[in-house]
Number of protein chains: 2
Amino acid sequence: MRKKAATPSLAANRAGLLPHLGEVFREHGYEGASLTLITKATGLGKGSLYHLFPGGKQQMAAEVLAEIDGWFVRNVFVPLGEAEDVRAGIAHMFAAVDDYFRSGRRVCLVGVFALGAARDEFAAAVRDYFKAWGEALTAALCRAGYARAEAAALSEDVLAGIQGALVLARAANDAKVFTRTLARLKKRVGAK
Amino acid sequence: MRKKAATPSLAANRAGLLPHLGEVFREHGYEGASLTLITKATGLGKGSLYHLFPGGKQQMAAEVLAEIDGWFVRNVFVPLGEAEDVRAGIAHMFAAVDDYFRSGRRVCLVGVFALGAARDEFAAAVRDYFKAWGEALTAALCRAGYARAEAAALSEDVLAGIQGALVLARAANDAKVFTRTLARLKKRVGAK
DNA sequence: AAAAGTTTGTACCGATCGGTACAGGCGACG
DNA sequence: CGTCGCCTGTACCGATCGGTACAAACTTTT
């Protein structure tokens, strides 16, 4: 092998690390995720951390956001747009969402960042995430037979319902609030 | 006047202060609301602050939460339960909510705390706030003719819709997301 | 095995965190 | 006018924050 053979662990570590990083940010927020907590959660010392992410916390958070965005693009947005059966695509979205948020036991990191103090720093990523989701869902609903305006409104209701249910579930410490709400949203969407 | 004549400014300050404190917590979260920011927002030095709130930040936040809870009890929960015309009480709730959240330009401090890192410290207050709201609304919907289960589900949808719309509005930096969603929720509730 | 390059732990940095101590300012009352 | 007690600005505290420097330890290449 000629090609530099760049340490394999670096890329591997990085990919394996992001989920752990994500959990720390998710549970403690951007400000609350101290380097101490991060080292504890990842098992990596500051040295390694700053070697992998020279941009520090900001870069870690940005990459975590990007990874989450990528997950939703792959597992939600694209299926919504490409499924042969639109209804199957939409059903897939609800299943993926339930999966991702661990049936309400997990909160939305993007939502946490949207409300948190570091909002401005990640405003663009946060905005784009919801925008992409809303557009993908609206388009799918149109294909499913909803009129343009109706689809846009319903899409907004679904996204808000999901985010709000996550907040309520966390507040009540009862994940069922989320699963119930999600089930009703799915039913409402399928009513057409 | 015999009664001690306790400095009038203290109680007055305290009451007048809470809204300002609330704004700081709302905009920066519990962790993000540093004493520096608080002194700046209130115009009071640490000396005065700790004189009024010996319990420090934790006490400030707790009192802010209590004040907000009181506002909702007075302006939303009680009207929901006592209005002669139930529908008027419900309409009043939507108006009060739109007012309180400044048509979507303000986020919900209780929601911020629910998602934030200080969650555990204020878990009880956060839980009770949403519980009281949900119960008041459910009861009102029952009185308006909804069946018990239907009322409970709709109530959950409304609360989640409101919280979620606040998140989306903040994320999109577009308050209209909130007003649109709120209008749809109102319409849905009134459909019966 | 020596050299080169990568990854890591550790010590340290200035800044800021929440909180405390306290001396004096200031206003009400005698 | 003097006294007393609430109020407040300031200095200071230890802890922790995010981030940097760097030398030892490890890999990999020669």
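By convention in this document, chain letters (A, B, ...) are assigned in the order of the sequence lines, proteins followed by strands, and residues within each chain are numbered from 1. Being a predicted model, the structure only gives us computed values, none of them experimental.
The separation between A/H28 atom NE2 and D/dC17 atom P is 11 Å, rounded to whole Å. A/K40 has its NZ atom 10 Å from the P atom of D/dT16, to the nearest Å. Summarising the geometry, the separation between CG on A/L49 and C1' on C/dG9 is reported as 12 Å, rounded to the nearest angstrom. Rounded to whole angstrom, the span from the CG atom of A/L52 across to the C1' atom of D/dG18 amounts to 17 Å.
With B/R87 contributing its side chain and B/G190 its backbone, the two residues share no donor-acceptor pair below 3.5 Å. Remark: the backbone N or O of A/E27 is paired with a side-chain donor or acceptor of B/R119 at under 3.5 angstrom. With A/K57 contributing its side chain and A/L35 its backbone, the two residues share no donor-acceptor pair below 3.5 Å.
Here the nucleotide nearest the side chain of A/Y50, chosen from D/dT20, C/dG18, D/dT8, is D/dT20.
Using bins of under 30°, 30° to 60° and over 60° for the plane-to-plane angle, the ring pair B/F113/B/Y30 lands in the perpendicular bin. Using cut-offs of 30° and 60° for the angle between ring planes, the A/F77 and A/W133 rings count as tilted. Ring orientation note: the planes of A/Y100 and A/W71 are tilted relative to one another, at an angle of 30° to 60°. Between B/F72 and B/Y129, the ring-plane angle classifies as perpendicular under the 30° and 60° cut-offs.
Considering only side-chain N and O atoms, B/H51 lies nowhere under 4.0 angstrom from the phosphate OP1 or OP2 of D/dT8.
Contacts with DNA chain C (heavy atom under 4.0 Å) in residues 31-39 of chain B: B/A33, B/S34, B/L35, B/T36, listed by number. Non-hydrogen atoms lying under 4.0 Å from DNA chain D are contributed by A/G56, A/K57, all within residues 53-66 of chain A.
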Test salt bridge (Lys or Arg N to Asp or Glu O under 4.0 Å) on B/R188 and A/D157; report intermediate values, then the result. CA-CA 11 Å; B/R188 236 179 106 199; A/D157 279 352; 5.6 Å; no
